[in-house]
Amino acid sequence: MEAIVEAMKATDLDRAERMLQEAQSPELSTEEKLFFKALIEAHRGNSLKAKEFAQRSFKVENPVHRFYMARILLGVGEWEKALELFDSSRGFGVYGGALLTQKRPLWNGEDLEGKVLLVASEGGLGDVICFSRFVSPFEKLGARVLLATDGQLFPLFRQLPGVSAQVDLKGIEFCDFDFWLPLMSAPRLLKMGPHQIPRKPFLTAPEEVLPKWRSLVRSSKPLKVALCTLGREEFAEDHLRSLKQKDVEFFLNLFSEEELQRIDFFTMNGPSQKNFLNDSRIQSFYPHISTPMDLAGFLSQMDLVVSVDSGPAHMAGALGRPTLLLNRVMGWWTFGYMPRTSSPQESLFYESFEILHQKVWGEWKETLQRAHQRIRDQWI
């Protein structure tokens with residue numbers, strides 16, 4: 001089993017499939033083989049085949065099965081069932097975490113008139129930013145809303161309507177409230193379908209950081225482009241979403257000298273990071289971005305963001321910055337809804353996004369060529 005997992009991590013799906021066919025019981029049961037087959041087909045982009053294999057092997061008591069089944073169902077557009085499975089898979093390492101508090105009951109649709117509701121953020125920076133938009137509707141249901149999050153995000157989220165107070169996640173045991181819910185459960189519990197999600201920008205860079213970034217980001221060229229090419233290494237799937245150094249170099253080399261006369265590229269990457277490219281065509285602001293507020297200030301100065309699925313991509317979308325999202329096959333679930341590989345795709349979450357999906361899992365060159373074409377056709 002471990003060899004099959006390693007082959008999949010290396011994006012060698014053919015080798016993983018060969019080993020799966022050769023595996024003997026009791027090493028792998030029939031159900032386990034079917035579920036691995038479902039994952040292989042999902043990573044090939046064959047969502048319907050993946051669903052067929054997954055349904056034949058799905059074990060509701062297995063959180064890993066629930067987590068991946070949810071992502072497979074999103075590939076065929078089964079939104080409501082997918083969100084139910086995501087909620088039930090909490091505690092599985094790659095998604096979310098253990099429930100944050102048992103001090104008060106989880107909210108499950110009860111009357112909120114006159115009640116205090118604590119909404120606890122979860123996941124990585126991108127998840128917190130993306131789902132913060134769902135806090136505001138609870139005020140309209142009569143609740144006094146407490147938003148529990150990382151204290152570094154307080155200046156960013158103070159602009160969210162409907163939030164009575166922000167509290168640090170580390171201090172929620174000292175808060176008094178009637179109900180609570182994990183932030184990423186909000187769209188399901190609010191009964192929002194995929195096309196009911198508010199897509200307009202909902203954040204702005206805090207005023208206190210703007211003078212710094214207006215001074216730092218200087219360009220005489222018509223187009224300022226931020227390249228966000230990697231995520232947190234701690235994330236279990238980061239090796240699949242982040243670009244390698246050779247990918248970044250390949251992308252830059254697609255631009256002609258004439259095109260480069262019209263573009264300034266900027267990055268947040270620095271020398272200590274794995275895909276940093278010491279290239280005169282890119283200006284790095286790595287030493288200057290130390291907080292989410294700095295990230296917001298930096299991105300607010302950009303005309304275009306080209307990003308993998310990471311926190312900066314979500315920040316760019318929340319700010320309303322035009323963004324080309326480079327998404328892997330079977331990407332993270334916020335950008336994996338019924339993916340189309342043949343053309344740019346709108347995001348369910350951000351109106352300023354275009355999603356460019358990989359056509360072959362683990363291979364970025366063709367996706368980067370399409371990104372270059374979009375920039376040339378639409379922005380240069």
Let me check something: any side-chain donor-acceptor pairs from residues 254-261 under 3.5 Å, sequence neighbours excluded? List them with distances.
residue : atom : partner : partner atom : Å
Ser256  : OG   : Glu259  : N            : 3.1
Glu259  : OE1  : Ser256  : N            : 2.9
Glu259  : OE1  : His372  : NE2          : 3.1

Main-chain N/O of Asp238 paired to Arg232 side chain as donor or acceptor, under 3.5 Å: no
More than 12 heavy atoms from other groups under 6.0 Å of CD on Glu208: yes
Hydrophobic cluster identity match, Leu156 and Leu160, side-chain contacts under 4.5 Å: yes
For Asp294, salt bridge (charged side-chain N to carboxylate O under 4.0 Å, His left out) partners two or more places apart: Lys212
Spacing of OG belonging to Ser57 relative to CD belonging to Glu52, to within rounding of 0.5 Å: 10.5 Å
Test side-chain contact (heavy atoms from CB on, under 4.5 Å) applied to His195 and Tyr337, step by step: CA-CA 11 Å; His195 301 294; Tyr337 181 74; 4.3 Å; yes
Neighbour count above 12 (heavy atom, 6.0 Å) for Gln196 CD: yes
Pairwise side-chain contact, Trp379 with Leu324, heavy-atom cut-off 4.5 Å (strictly under): yes
Ion pair check, Arg281 and Asp279, cut-off under 4.0 Å: yes
Approximate separation, where rounding is to 0.5 Å, of Leu125 CG and Cys130 SG: 11.0 Å
SB check Glu110 Lys115 (cutoff 4.0 Å): no
Nearest-0.5 Å distance, CD of residue Glu351 to OG1 of residue Thr323: 11.5 Å
CD (Glu346) with more than 12 external heavy atoms under 6.0 Å: no
Non-hydrogen side-chain atoms of Glu363 and Gln358 separated by less than 4.5 Å: no
Asp127, Asp150, Thr149 screened by side-chain hydrogen bond (donor to acceptor under 3.5 Å, both in side chains) with Ser121, the one that passes: Thr149
Test item: Leu117 and Leu141 side chains (from C-beta on) under 4.5 Å apart, heavy atoms: no
Leu325 with Val248, same ILVMFWY side-chain cluster at under 4.5 Å: no
Pairwise side-chain contact, Met184 with Trp333, heavy-atom cut-off 4.5 Å (strictly under): yes
Whether Phe134 and Phe349 hold their rings parallel, tilted or perpendicular, with breakpoints at 30° and 60°: perpendicular
Basic-acidic side-chain contact under 4.0 Å: Asp87, Arg66: no
Arg71 side chain to Met330 backbone, donor-acceptor under 3.5 Å: yes
Spacing of CE belonging to Met69 relative to CZ belonging to Phe58, to within rounding of 0.5 Å: 6.0 Å
Audit row: Phe177, Val119, side-chain contact (heavy atoms from CB on, under 4.5 Å) steps and yes/no: CA-CA 10 Å; Phe177 49 91; Val119 182; over 6 Å; no
Side-chain donor/acceptor of Gln152 to backbone N/O of Pro292, under 3.5 Å: no
Atom CD of Glu366: over 12 foreign heavy atoms under 6.0 Å: yes
Contact check, side chains of Phe174 and Asp168, non-hydrogen atoms, under 4.5 Å: no
Residues Arg44 and Glu41 bridged, charged N to O under 4.0 Å: yes
Asp377 atom CG: more than 12 heavy-atom contacts under 6.0 Å: yes
Plane angle bin for Phe353 and Phe335 - parallel if under 30°, tilted between 30 and 60°, otherwise perpendicular: parallel
Working for side-chain contact (heavy atoms from CB on, under 4.5 Å), residues Phe157 and Val128: CA-CA 10 Å; Phe157 290 157; Val128 177; 3.7 Å; yes
Flag if over 12 foreign heavy atoms under 6.0 Å of NZ, Lys81: no
Separation of Leu299 CG from Met315 CE (nearest 0.5 Å): 7.0 Å
Linked, directly or transitively: Tyr286 and Phe265 (ILVMFWY side chains, under 4.5 Å): no
Main-chain N/O of Phe250 paired to Asn253 side chain as donor or acceptor, under 3.5 Å: no
Side chain proximity check, Phe298 to Met268, heavy atoms < 4.5 angstrom: yes
Aromatic contact, His314 with Tyr350 (centres under 6.0 Å): yes
Sub-4.5 Å side-chain heavy-atom contact between Leu227 and Leu252: yes
Asn46 side chain vs Lys49 backbone, donor-acceptor pair below 3.5 Å: no
Test item: Thr341 side-chain N/O and His357 main-chain N/O as donor-acceptor pair under 3.5 Å: no
Output field: ring centroids Trp364/Phe251 closer than 6.0 Å: no
Donor on one side chain, acceptor on other, Asn269 and Asn275, under 3.5 Å: yes
Lys59/Glu31 salt bridge by N-O under 4.0 Å criterion: no
Any donor-acceptor pair under 3.5 Å from Gln273 side chain to Gly270 backbone: yes
CG-CD1 distance between Asp12 and Ile4, expressed to the nearest 0.5 angstrom: 12.0 Å
ILVMFWY network linking Leu223 to Leu368, side-chain heavy atoms under 4.5 angstrom: yes
Set of ring-ring contact (aromatic ring centres under 6.0 Å, His included) partners for Phe35, sequence neighbours left out: His65
Polar side-chain atom of Arg370 near backbone of Leu356 as donor-acceptor pair, under 3.5 Å: no
Trp361 side chain to Leu240 backbone, donor-acceptor under 3.5 Å: no
Sidechain-backbone polar pair: Gln245 side chain, Glu249 backbone, donor-acceptor under 3.5 Å: no
Flag if over 12 foreign heavy atoms under 6.0 Å of CZ, Arg262: no
Electrostatic pair Lys221:Asp264 at N-O distance under 4.0 angstrom: yes
Ionic contact status for Asp303 with Lys224, cut-off 4.0 Å: yes
Cluster link Leu190 to Leu85, ILVMFWY, side chain under 4.5 Å: no
Asn108 side chain reached by Leu189 side chain, heavy atoms, under 4.5 Å: yes
Phe138 and Leu181: CA distance, side-chain angles, deciding distance, side-chain contact (heavy atoms from CB on, under 4.5 Å) verdict: CA-CA 11 Å; Phe138 291 106; Leu181 80 155; 4.0 Å; yes
Short side-chain donor-acceptor distance under 3.5 Å, Arg376 and Gln373: yes
